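Remember, it's a predicted structure, so these values are computed and weren't measured experimentally.
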Amino acid sequence: MHDIQTDKAKNRIIITIGKLDGEREMQTISQKVLAACKKLKKGFTCITDLRKYEIQDDQFENYVRSTQEAMMAAGMSRVVRVRRGTGLLGHFQFDNASMDVGYHAENVTTMEAAEKILDEAVAQSGAES
């Protein structure tokens, strides 16, 4: 299960990943994310909703890493991950990959908190310009 959306007004991609059906779905997610990034301007922000995500085998981490690298190359500026409050900590797979790629994402437990962090960061960067 996955969903990829863009919010052009906020220059943001919202990636939701839940339980996956295998490598084919992993490839599809990567393709959709990269296509969505092309619809946004450099400096775009990202929310990755992993509240229903279940840890995958190491092969999946390679897809995560290569997709994150492509997102950075496309101009992604900041990421917030929405994770479960308790239970499986699948977001660690994403954290490990992003550290290899060269960025850190904040982890929160609600979409509202993620939106607030990114909205405030964008407002602050706009004030500094």
Side-chain angles (χ1 to χ4, degrees):
M1 189 286 308
H2 69 275
D3 184 47
I4 313 299
Q5 308 224 349
T6 56
D7 182 335
K8 289 185 181 180
K10 290 186 176 186
N11 199 31
R12 183 168 299 155
I13 185 171
I14 300 108
I15 304 166
T16 302
I17 303 175
K19 185 174 180 173
L20 300 176
D21 287 331
E23 187 171 0
R24 182 173 294 271
E25 187 172 11
M26 293 177 212
Q27 292 170 339
T28 300
I29 291 169
S30 183
Q31 292 167 355
K32 286 182 178 180
V33 166
L34 300 181
C37 289
K38 292 176 182 175
K39 297 176 184 176
L40 299 169
K41 295 179 270 185
K42 288 209 179 288
F44 67 89
T45 58
C46 174
I47 295 175
T48 307
D49 183 354
L50 301 172
R51 291 176 290 179
K52 295 182 180 177
Y53 174 73
E54 294 182 10
I55 295 174
Q56 302 293 309
D57 63 26
D58 290 342
Q59 179 184 3
F60 181 71
E61 206 163 304
N62 294 327
Y63 284 97
V64 172
R65 186 177 295 108
S66 64
T67 303
Q68 289 173 341
E69 287 172 347
M71 292 172 72
M72 290 292 290
M76 181 176 68
S77 65
R78 191 151 182 194
V79 181
V80 176
R81 290 195 187 96
V82 183
R83 62 174 178 81
R84 293 180 200 191
T86 59
L88 294 174
L89 301 175
H91 67 280
F92 284 130
Q93 281 188 305
F94 286 78
D95 291 343
N96 291 338
S98 64
M99 284 186 229
D100 289 345
V101 171
Y103 73 88
H104 169 74
E106 294 181 60
N107 287 294
V108 297
T109 56
T110 67
M111 288 297 286
E112 294 79 15
E115 289 279 354
K116 183 178 180 193
I117 288 168
L118 294 178
D119 290 349
E120 288 174 356
V122 169
Q124 185 177 26
S125 68
E128 293 172 0
S129 298

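- Checking each of T109, V108, T110 against E112 for a side chain to side chain contact (heavy atoms under 4.5 Å, CB included) leaves exactly one that passes, namely T110.
- Paired with T16 under the rule side chain to side chain contact (heavy atoms under 4.5 Å, CB included), one option of I47, D49, T48 passes, and it is D49.
- Of the possible donor and acceptor atoms, one in the side chain of S77 sits under 3.5 Å from a partner among the backbone N and O of F44.
- Remark: E106 CD to R81 CZ distance equals 11.0 Å, nearest 0.5 Å.
- Taking OG from S30 and CZ from R65, the interatomic distance works out to 13.0 Å, rounded to the nearest 0.5 Å.
- Nearest heavy atom pair, residue M1 against residue L20, reads O-CD2, 3.8 Å.
- Side chain to side chain, T45 and R12 meet the donor-acceptor criterion of an N or O pair below 3.5 Å.
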Verdict with supporting geometry, I14 and M111, side-chain contact (heavy atoms from CB on, under 4.5 Å) = CA-CA 10 Å; I14 300 108; M111 288 297 286; 3.9 Å; yes

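- T67 approaches L34 most closely through the heavy-atom pair O-CD2, 4.3 Å.
- Here T28 contributes atom OG1 and H2 contributes atom NE2; the two are 6.0 Å apart, rounded to the nearest 0.5 Å.
- Across all non-hydrogen atoms, the minimal contact from K42 to N11 is O-ND2, 3.9 Å.
- Put simply, the side chain of D3 never gets that close to the backbone of Q5: no donor and acceptor are under 3.5 Å apart.
- The two residues E25 and K19 come nearest to each other via the heavy atoms OE1-O, 4.2 Å.
- The heavy-atom pair separating C46 from M76 by the smallest distance is CB-SD, 3.7 Å.
- Interatomic distance, Q124 CD to E120 CD, rounded to the nearest 0.5 Å: 8.5 Å.
- Sorted pairs that involve residues 29-40 and meet salt bridge (Lys or Arg N to Asp or Glu O under 4.0 Å), not counting sequence neighbours, are lacking altogether.
- Two residues are said to be in side-chain contact when any heavy atoms from C-beta on lie closer than 4.5 Å; V122 and R78 fail this criterion.
- The nearest pair of heavy atoms linking I13 to V33 is CD1-O, 3.9 Å.
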